[in-house]
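Worksheet for the structure shown next.
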Amino acid sequence: MPDSLPPQRTQVAIIGAGPAGLILAQLLHQHGVDNVILEAKDRGYVEARIRAGVLEQGTVDLLHQIGAGERLAREALVHDSFELRVDRQRHIIKIQDLAGAPMTVYGQQEVVKDLIALRVEKQREQVLFDAPVLHIADPAGERPSVVYEHGGQRHTLIADVIVAADGFHGVGRNTIPNSMLKQYQRDYPFAWLGIMADVAPSADHVIYSRHTDGLGMLSMRSPTLSRLYLQVDRGATREQWPDERIWEHLHRRLAADDGWRLNEGPIIEFSVAPIKAFVAEPMRYGRLFLAGDAAHIVPPTGAKGLNLAVRDVQVLAPALAALIKDNDSRLADKYSEQCLKHVWWAEYFSCWMTELVHTADDPMAQALALAELRTVISRRGAQTLLAENYVGVSARPPASVTASETLARLT
Ligand code: APR
Ligand code: PHB
């Protein structure tokens, strides 16, 4: 492939058009910092990728603040509680009363669609789709660059800073020498089987049901679309899980003594995702910064993944603005340390909640988790902590966007 084109230039090269890359691009735009987004896949693929769908209030506020909240305000479902089920009994955790904030159900791919439409149709700026980054050159030097493929040609983009918002399997993290990174990983022995069912949700809040066969979960995407999950073995396949078996397990695991009924409908999407926790430290190497899944993965219980990516880029945008516009590196130098605080909070909470509602092979772990769950549902203090972590208020810094405000908080 020829490499004859002259190099292009920008201030920030962003790799990846997931939530982390797209939101960062908007924040940089607000700070007056030029940026280019390079995305390996096409627009249709990125917009159709189904992921979790629960937004903390801080995430909702940020989407409004960057101008991506219009459809969200119309279509999202706002919940003031969620439910824990155990021993066929229902326990409502009133998050709004206990923690002063609701949770908003709005599919991640809807967030992604809104962000792409904002950039492409409203602002007439580009997202370069079908543009996989092959290589990052000189990340620790003064003039880093990315080499990417697009339209059958190889291109070079020189930038002041490169942000790898390229997910867990991207090139960014792998560019950092192993000796510079500390990586933590826990692989759970189970996976989540997820379905989308074309049927009205059977409740108006999310339900986590702990059952001896494993977790059964009910969520939703709209008044006519249910999202349901089952804890299954890691290698589970569609062949092993025909529709009848999925519904049989959902009915059994979600059953309650008060006669609550689960609505069944056509399954329009099926996926199996392994459950893991992962953190890479630090989240920076010279002029290369990691954000979102590129740096960390949380187990999906509690749906912190997208919210965590949002927190990263909220810290990163003012730091890059100060670095690039004022040649002030103080915030950038604190980026990793500051993010790792909310990253480890989210890891702790997501792992804790995962172990609370899933079944394990180890009988001791099983009995302890059940005892803990019974304690949580019977003690208001324990419920308050759960609610505060669930809605994210326990880890959210005060909302400020300017570099000087953030710096004042840090120093
Ligand atoms: N070049 C260009 N783009 C790339 C490359 C590459 N070499 N490698 C990966 N990408 C793209 C992927 O195609 C994807 O669109 O980077 C994007 C990363 O997006 P996400 O995986 O959505 O990651 P992130 O933006 O950090 O989102 C965090 O998404 O994965 C969920 O659970 C996660 O909810 C969390 C949120
Ligand atoms: C979802 O709706 O996809 C969802 C809801 C709650 C979770 C995880 C995922 O804890």
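In listed order, ligands and their atoms are each counted from 1. All values reported here derive from a predicted model rather than from experimental measurement.
Ring-centre distance between Trp344 and Phe349: not below the 6.0 Å cut-off. Separation of the Tyr148 and His155 ring centroids falls under the 6.0 Å cut-off. Centroid-to-centroid, the aromatic rings of Phe190 and His358 come within less than 6.0 Å.
Asp34 and His29 form no side-chain donor-acceptor contact under 3.5 Å, judged by distance and modelled atom types alone. Between the side chains of Arg43 and Tyr45, no donor-acceptor pair is found at a separation under 3.5 Å.
Applying the salt bridge (charged side-chain N to carboxylate O under 4.0 Å, His left out) test between Glu269 and each of Arg51, Arg49, Arg227, Arg221 identifies Arg227 as the sole match.
Here the OH-CG distance, from Tyr208 to Leu215, works out to 9.0 Å after rounding to the nearest 0.5 Å. Distance check, rounded to the nearest 0.5 Å: CG of Leu128 to NE2 of His150 gives 4.0 Å.
Set against the non-hydrogen atoms of Trp192, the atoms of ligand 2 under 4.0 Å away are 8 (C). Taking every non-hydrogen atom of Thr301 and a distance limit under 4.0 Å, the qualifying atoms of ligand 2 come out as 10 (O).
Note on ligand 2: Arg221 sits in its first shell, one or more heavy atoms being nearer than 4.0 Å. Distances from ligand 2 to the non-hydrogen atoms of Tyr106 include no value under 4.0 Å.
Taking atom 10 (O) of ligand 2 as the reference point, the nearest protein heavy-atom neighbour is Tyr208 OH, 2.6 Å. Shortest contact from atom 5 (C) of ligand 2 to any protein heavy atom: Val54 CG2, 3.4 Å. With respect to atom 2 (O) of ligand 2, the closest heavy atom belonging to the protein is Ser219 OG, 2.6 Å. In this structure, atom 3 (O) of ligand 2 lies nearest to the protein heavy atom Tyr229 OH, 2.6 Å.
For the pair Arg51 and ligand 2, the shortest N or O to N or O distance does not fall below 3.5 Å. The shortest N/O to N/O separation between Gly302 and ligand 2 falls below 3.5 Å.
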Which N or O atoms of ligand 1 sit under 3.5 Å from a protein N or O, and how far apart is each pair?
from, atom 1, to, atom 2, distance (Å)
ligand 1, 1 (N), Val133, N, 2.9
ligand 1, 3 (N), Ala40, N, 3.0
ligand 1, 7 (N), Val133, O, 3.0
ligand 1, 13 (O), Glu39, OE2, 2.6
ligand 1, 15 (O), Glu39, OE1, 2.7
ligand 1, 15 (O), Glu39, OE2, 3.2
ligand 1, 15 (O), Arg49, NH1, 3.3
ligand 1, 15 (O), Arg49, NH2, 2.7
ligand 1, 21 (O), Arg51, NH2, 3.3
ligand 1, 22 (O), Arg51, NH1, 2.8
ligand 1, 25 (O), Pro19, N, 3.2
ligand 1, 25 (O), Ala20, N, 2.9
ligand 1, 26 (O), Asp293, N, 2.8
ligand 1, 29 (O), Arg51, NH1, 3.2
ligand 1, 29 (O), Gln108, NE2, 2.8
ligand 1, 30 (O), Arg51, NH1, 2.8
ligand 1, 30 (O), Asp293, OD2, 2.6
ligand 1, 34 (O), Gln108, OE1, 2.7
ligand 1, 34 (O), Leu306, N, 3.0

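Proximity of Pro300 to ligand 2, defined as any heavy-atom pair under 4.0 Å, is confined to the backbone N, CA, C and O atoms. When heavy-atom distances to ligand 2 are checked against a 4.0 Å cut-off, Phe82 has no atom that comes that close, whether in backbone or side chain. For Val105, no heavy-atom contact with ligand 2 is shorter than 4.0 Å.
With a 6.0 Å radius and a threshold of 12 heavy atoms from other residues, nucleotides or ligands, Arg245 has its CZ atom above the threshold.
Between Lys304 and Glu56 there is a salt bridge, with a side-chain nitrogen of the basic residue lying less than 4.0 Å from a carboxylate oxygen of the acidic one. Using a 4.0 Å cut-off between charged nitrogen and carboxylate oxygen, Arg380 and Asp97 do not count as a salt-bridge pair. Using a 4.0 Å cut-off between charged nitrogen and carboxylate oxygen, Arg284 and Asp333 count as a salt-bridge pair.
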